[in-house]
Visitor: 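Just dropping this structure here.
Numbers restart at 1 for each chain; the letters A, B, ... are given by sequence-line order, proteins then strands. Just so it is clear, the structure is predicted and the values come from calculations on it, not from any experiment.
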2 protein chains.
Amino acid sequence: MSIFAGQGDAGRSMALLWAPRAQATGSSPGPKPTLSVEAIVEAGIAVADADTLAGLSMRTVAQRLGRSSMALYTYVPGKAELLDLMYDRVHAEMPPARNLGGSGGDLGGGPDGGPDGGWREAVTAWARELWSLYLRHPWVVQVSYARPVLGPNEQAVMEQLVGILYGAGLDAGTLRGTVTALFHFVRGTAQTVAEARLAAAATGVSDQEWWAGRSALLSELAPDFAERFPMSARLAGETAAGHGDGAVQDPPGDDAVPYLERQMDRTFTVGLTVLLDGIEAAVRGCG
Amino acid sequence: MSIFAGQGDAGRSMALLWAPRAQATGSSPGPKPTLSVEAIVEAGIAVADADTLAGLSMRTVAQRLGRSSMALYTYVPGKAELLDLMYDRVHAEMPPARNLGGSGGDLGGGPDGGPDGGWREAVTAWARELWSLYLRHPWVVQVSYARPVLGPNEQAVMEQLVGILYGAGLDAGTLRGTVTALFHFVRGTAQTVAEARLAAAATGVSDQEWWAGRSALLSELAPDFAERFPMSARLAGETAAGHGDGAVQDPPGDDAVPYLERQMDRTFTVGLTVLLDGIEAAVRGCG
DNA sequence: GTCGAACTCCTTATGGCGTAAGGTATTATC
DNA sequence: GATAATACCTTACGCCATAAGGAGTTCGAC
């Protein structure tokens with residue numbers, strides 16, 4: 001219901017994120033720990049994957065581990081820090097960087113509009129991988145991104161992109177803005193799809209039915225919609241009617257990939273192309 | 001702490017958002033209402049502006065109005081719907097569309113790289129206005145955007161952008177992806193600044209101090225950072241050292257506009273330029 | 001072998017939250 | 001005046017994070 005705001009003690013989170021395995025002390029009095037930060041983080045991820053972030057509580061996580069909620073506080077300072085750890089951990093699923101984008105590019109540049117090519121593919125692959133990661137763990141995109149508490153795994157994801165863009169020839173200033181734009185674009189589109197899936201699963205209403213009901217309701221409540229918002233109406237009309245999009249031509253009954261997801265996949269591709277073209281212009285400007 | 005997921009009953013929210021003033025029934029038995037949906041929404045916005053979304057509760061909103069929390073339920077179905085209304089309402093602060101982007105553009109196109117120009121300025125103005133709106137109400141960017149329950153005011157903001165881009169000559173498909181990319185970019189950058197301000201206000205530590213402490217901690221916890229993440233290290237070095245950026249040249253002691261905000265302003269400008277260049281490529285492709 | 005310290009894990013309690021249930025006072029129509 | 005509808009209230013329930021403190025376990029030191 002509410003929103004994440006101030007992710008707990010940053011110092012504690014950073015220590016847990018970056019310290020290899022705490023201190024490897026030989027032995028110490030007291031009972032051996034039967035849990036571990038890792039196990040708790042994994043349990044938290046499992047809960048969030050199954051139940052969304054709303055279902056994530058210290059109790060539910062502990063329950064999955066057969067403990068009381070307070071047992072977790074021995075390992076983890078609190079819920080906010082646990083979420084930090086979960087967030088970083090899922091980024092470990094990102095495949096390792098392919099060796100693209102090195103400055104000694106072996107792909108020849110085209111003569112006119114033809115780009116170097118290598119970095120475009122690399123950025124596209126990066127974006128698609130991140131997108132699918134987000135869709136595997138939809139709760140991740142609901143964790144506030146304005147969080148300079150970067151963990152090693154998220155940092156590695158950044159490292160990939162920064163490397164690709166440096167390889168493409170961008171300077172530091174342009175690179176920063178580009179990274180920001182790309183990141184937020186992937187996050188935003190993934191969030192839309194993720195929440196659509198969530199809503200469909202929770203209510204049992206498919207995207208198409210939902211949208212149909214919604215626009216019926218809207219045209220009843222705001223019959224003058226097309227006059228008040230002519231451009232939006234035009235856009236809705238041209239998209240729905242299918243100006244050669246897949247909307248009409250696709251085989252009906254393909255519910256495995258619902259309507260909105262197909263549309264978002266197109267939106268993703270188109271938006272990414274716009275971004276890549278913009279980067280290309282910057283590359284030409286820098287080079 | 002947690003995250004917004006499934007914004008209450010969409011139908012009820014839509015009715016409240018789009019119905020002009022409910023039903024203007026002549027009269028009815030029972031005491032006169034002393035509150036109104038509008039007053040509640042405004043109180044909610046005031047609370048969220050002052051206290052962040054974490055401080056927003058039915059109790060706090062009611063307190064500001066001198067009522068009990070349950071009194072609000074007479075006017076508003078629940079907290080989720082109230083948040084929907086608050087979200088849409090703040091978008092009413094967006095200034096009305098300037099008459100730019102019409103297909104009969106009166107600004108002459110430049111000879112070579114020079115664009116039509118009109119739509120670039122219009123998009124920039126739109127983005128900057130939305131950015132500053134988000135910074136006036138930082139909690140807005142924490143409300144999940146993957147929410148097709150558009151209210152009239154947010155719809156108007158969209159209408160502006162769609163109009164501008166249609167005027168620039170984009171087709172519907174490209175337009176969708178572009179709108180998405182622009183929206184998420186503005187949201188994301190605003191979120192970063194908003195949360196930095198929040199953190200600074202909450203902890204009393206300035207951006208610069210905070211970052212200094214953070215990187216000290218990081219270099220202690222991960223002394224091999226530069227080897228593990230060479231590209232990120234390079235980016236950090238080139239940004240901080242100031243390759244002709246403002247970082248060094250700016251007058252010291254200008255705490256009114258903190259370090260991170262100046263940097264984010266640059267990032268915003270650069271990222272927007274990349275996006276505009278990408279759009280321009282699409283315009284050329286379409287035209 | 002025994003003691004004390006360190007450690008894990010538990011139960012309990014506190015103060016928050018959204019909101020369901022039901023009571024009371026007010027104000028219209030009949 | 002009776003009746004019904006309405007606004008607002010108090011109370012209560014079941015969640016939540018987590019503070020406080022107790023019980024049991026395991027080590028090093030003697």
Visitor: Let me know the distance between OH of Tyr73(B) and C1' of dG22(C), rounded to the nearest Å.
Guide: 16 Å
Visitor: Need to verify one output field. Residue with the more 5' nearest nucleotide on DNA chain D, Arg67(B) or Thr60(A)?
Guide: Arg67(B)
Visitor: Where do Val61(A) and Leu56(A) land on the side-chain contact (heavy atoms from CB on, under 4.5 Å) test, with the steps shown first?
Guide: CA-CA 7 Å; Val61(A) 175; Leu56(A) 181 79; 3.6 Å; yes
Visitor: Gln142(A) and side chain to side chain donor-acceptor pair (under 3.5 Å): which partner among Arg187(A), Gln191(A), Glu195(A)?
Guide: Glu195(A)
Visitor: For a quick check of understanding: with a heavy-atom distance under 4.0 Å over all strands, which category does Thr34(A) fall into, base, sugar-phosphate or nothing?
Guide: sugar-phosphate
Visitor: Applying a 4.0 Å non-hydrogen cut-off, can you work out what Ser68(B) is touching in the nucleic acid: base, sugar-phosphate, or nothing?
Guide: base
Visitor: Can you check whether any acceptor in the base of dG18(C) is under 3.5 Å from a donor in the side chain of Arg59(B), or vice versa?
Guide: yes
Visitor: Is any side-chain N or O of Tyr75(B) closer than 4.0 Å to OP1 or OP2 of dC8(D)?
Guide: yes
Visitor: So does Glu261(A) pair up with Arg197(A), basic N to acidic O under 4.0 Å?
Guide: yes
Visitor: Specify whether Trp18(B) and Phe225(A) have parallel, tilted or perpendicular ring planes, treating 30° as the upper limit for parallel and 60° as the lower limit for perpendicular.
Guide: tilted
Visitor: Distance under 6.0 Å and angle within 45° of the ring axis: does Arg128(B) meet both against Trp126(B)?
Guide: no
Visitor: Measuring from atom CE of Met14(B) to atom CG of Leu150(B), what distance do you get when rounded to the nearest 0.5 angstrom?
Guide: 8.5 Å
Visitor: Using a 4.0 Å heavy-atom cut-off, write out nucleotides 21-30 of chain D from 5' to 3' as B (base contacted by protein), S (sugar-phosphate only) or - (no contact).
Guide: ---BBBBS--
Visitor: Over how many whole Å does the gap from Leu65(A) atom CG to dT8(C) atom P extend?
Guide: 15 Å
Visitor: For Leu35(B) and Met58(A), find the nucleotide of DNA chain D closest to each by heavy atoms; which residue's nucleotide sits nearer the 5' end?
Guide: Leu35(B)
Visitor: Using a strict 4.0 Å threshold on nitrogen-to-oxygen distance, state whether Arg228(B) and Glu159(A) make a salt bridge.
Guide: no
Visitor: Between Lys79(B) (NZ) and dG16(C) (C1'), how many Å, whole number?
Guide: 11 Å
Visitor: What is the distance, rounded to the nearest whole Å, between atom CG of Asp51(B) and atom P of dG16(C)?
Guide: 14 Å
Visitor: To the nearest Å, how far apart are Gln63(B) CD and dC9(D) C1'?
Guide: 15 Å
Visitor: Tell me whether the OP1 or OP2 atom of dT8(C) has a side-chain N or O from Thr74(A) closer than 4.0 Å.
Guide: no
